[in-house]
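Nothing fancy with the numbering, it's 1 onward along the sequence. Atom set for the values below is all heavy atoms of this structure, side chains included, hydrogens, waters and symmetry mates excluded.
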Amino acid sequence: DKHIAQKNLYKGIGIKSVDIKPMPSPMYLSNVDCVACHITKKKSSELEDTDFEGSVKGCDKCHPAQYAKTTENAKKTINKTLSLVKAKMMDMEKKIGSKEITKIGDIRHDLFIIERGHGVHNVYFSAQILRKTNEVLDDIAKKNSITVSDLRENELIQGSFCATMCHEKIGIKVPKKEVFYKNKKMPHEAHWKDAQIACSNCHEFLEHKNVKLKINKELCKTCHENGM
């Protein structure tokens with residue numbers, strides 16, 4: 001099945017290197033089939049047959065016009081981060097040889113799922129895979145005392161992908177300026193915008209629209225007495 005990578009990505013399954021529970025695309029959960037978006041005829045190079053290429057015109061059937069912009073932006077952001085993580089993995093292989101061969105092989109498999117399956121089929125799942133595989137690579141580097149590229153400032157890795165790839169493009173005001181923490185107003189914007197604290201330092205990203213707070217007292221202590 002030449003589309004197995006696309007199918008697994010769309011369903012949010014099939015990952016080896018990290019522990020991510022099944023995370024189906026919101027489109028999959030809405031029973032959106034392939035033909036809803038793949039509407040442009042294209043001659044297949046692999047089979048003597050006609051394929052149907054995905055088009056942002058398919059978005060217009062169900063979504064307001066601004067959603068079409070999110071698709072192209074997501075493609076660029078995912079592909080950029082995929083290239084960075086893939087280069088980091090290859091650099092590590094050169095430095096440690098056959099050490100950690102199983103873990104790196106699993107990471108290669110997972111990155112292939114995004115590359116071959118096209119990350120835009122499941123943006124949130126792709127972002128999670130890239131974040132988690134980067135963490136595994138950092139752990140391997142630390143364990144083997146080698147230096148690899150630091151990707152913490154990348155928008156997908158540091159956790160701001162919700163806002164940068166989708167929300168701001170369609171006019172959703174996320175994150176909020178203020179939130180409640182321990183029954184008190186907290187200046188949210190002062191943390192993520194002014195202090196430029198990465199979202200992933202304080203939040204655990206699960207499936208779409210399910211973002212949980214995690215307390216990092218050591219980080220809080222850099223500004224707050226007793227770490228809040």
Side-chain angles (χ1 to χ4, degrees), residues 1-38 42 44-47 49 51-54 58-59 70-93 98-141 151 154-159 161-162 165-166 200 203-212:
D1 186 348
K2 71 172 185 174
H3 291 115
I4 189 66
Q6 290 91 330
K7 290 177 180 178
N8 282 349
L9 195 64
Y10 200 40
K11 294 176 183 177
I13 59 173
I15 301 307
K16 293 183 177 182
S17 68
V18 291
D19 184 19
I20 302 177
K21 71 177 185 177
M23 193 179 292
S25 165
M27 305 292 283
Y28 178 83
L29 294 175
S30 298
N31 292 319
V32 176
D33 209 344
C34 308
V35 294
C37 302
H38 290 257
K42 176 186 176 184
S44 173
S45 59
E46 298 181 23
L47 298 172
D49 200 355
D51 279 348
F52 286 85
E53 192 173 32
C59 306
T70 67
T71 303
E72 291 305 319
N73 186 58
K75 283 182 182 179
K76 290 177 183 177
T77 306
I78 291 171
N79 289 338
K80 173 187 172 183
T81 308
L82 175 62
S83 295
L84 291 172
V85 176
K86 193 174 179 180
K88 183 173 181 173
M89 177 195 71
M90 294 171 69
D91 179 47
M92 179 174 289
E93 281 186 299
S98 60
K99 292 181 181 179
E100 310 287 355
I101 189 170
T102 300
K103 282 187 178 180
I104 292 179
D106 287 345
I107 290 172
R108 181 182 288 104
H109 168 273
D110 295 346
L111 297 183
F112 175 80
I113 291 288
I114 299 175
E115 184 174 18
R116 177 66 174 175
H118 305 295
V120 75
H121 280 118
N122 194 337
V123 172
Y124 210 83
F125 189 46
S126 298
Q128 288 290 64
I129 294 168
L130 291 167
R131 286 182 59 243
K132 296 293 186 180
T133 52
N134 181 67
E135 288 176 7
V136 175
L137 290 172
D138 284 340
D139 289 342
I140 294 173
L151 302 181
N154 175 277
E155 56 194 342
L156 284 196
I157 302 302
Q158 57 104 324
F161 51 87
C162 302
M165 288 201 300
C166 184
S200 55
H203 299 282
E204 180 65 29
F205 297 89
L206 304 173
E207 64 271 11
H208 186 235
K209 296 185 180 180
N210 186 359
V211 179
K212 290 188 176 181

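- For N8 (side chain) and G14 (main-chain N/O), no donor-acceptor pair under 3.5 Å exists by modelled atom type.
- The NZ atom of K2 sits 7.5 Å away from the CZ atom of R116 when rounded to the nearest 0.5 Å.
- Annotation: the span from H109 atom NE2 to I15 atom CD1 amounts to 6.5 Å, rounded to 0.5 Å.
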Under the side-chain contact (heavy atoms from CB on, under 4.5 Å) rule, what do Y10 and M27 come out as? Steps first, then yes or no, please.
CA-CA 8 Å; Y10 200 40; M27 305 292 283; 3.3 Å; yes
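- Summarising the geometry of S126 relative to I114, their closest heavy-atom pair is O-CD1, 3.7 Å, with the distance given to 0.1 Å.
- The OG atom of S17 sits 6.0 Å away from the CG atom of D106 when rounded to the nearest 0.5 Å.
- Between the side chains of T81 and N154, at least one donor N or O lies within less than 3.5 Å of an accepting N or O.
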Show your working on side-chain contact (heavy atoms from CB on, under 4.5 Å) between L130 and L111 and close with a plain yes or no.
CA-CA 8 Å; L130 291 167; L111 297 183; 3.9 Å; yes
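- Within a 6.0 Å radius of CG in L29, more than 12 heavy atoms belonging to other residues, nucleotides or ligands are found.
- Using a 4.0 Å cut-off between charged side-chain N and carboxylate O, K88 and D138 make a salt bridge.
- Nearest heavy atom pair, residue I13 against residue P22, reads CG2-CB, 4.1 Å.
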Steps toward side-chain contact (heavy atoms from CB on, under 4.5 Å) verdict (M92, E100)
CA-CA 10 Å; M92 179 174 289; E100 310 287 355; over 6 Å; no
Throw together a table of side-chain donor-acceptor distances under 3.5 angstrom for residues 30-38, partners on residues two or more places apart or in other chains.
residue	atom	partner	partner atom	Å
S30	OG	P26	O	3.0
H38	ND1	F52	O	2.8
H38	ND1	G54	N	3.1

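- If you run side-chain contact (heavy atoms from CB on, under 4.5 Å) between K103 and each of T133, D139, I140, only I140 comes through.
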Give the intermediate values and the outcome of side-chain contact (heavy atoms from CB on, under 4.5 Å) for residues L9 and H118.
CA-CA 8 Å; L9 195 64; H118 305 295; 5.5 Å; no
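- Considering K99, R108, K86 as possible partners of E93, the one that fulfils the salt bridge (charged side-chain N to carboxylate O under 4.0 Å, His left out) test is R108.
- Of the inter-residue distances, the one linking I20 atom CD1 with K132 atom NZ reads 7.0 Å to the nearest 0.5 angstrom.
- Expressed to the nearest 0.5 Å, how far OH of Y28 lies from CE of M23 amounts to 15.0 Å.
- Rounded to the nearest 0.5 Å, atoms CG (L137) and CE (M89) are 8.0 Å apart.
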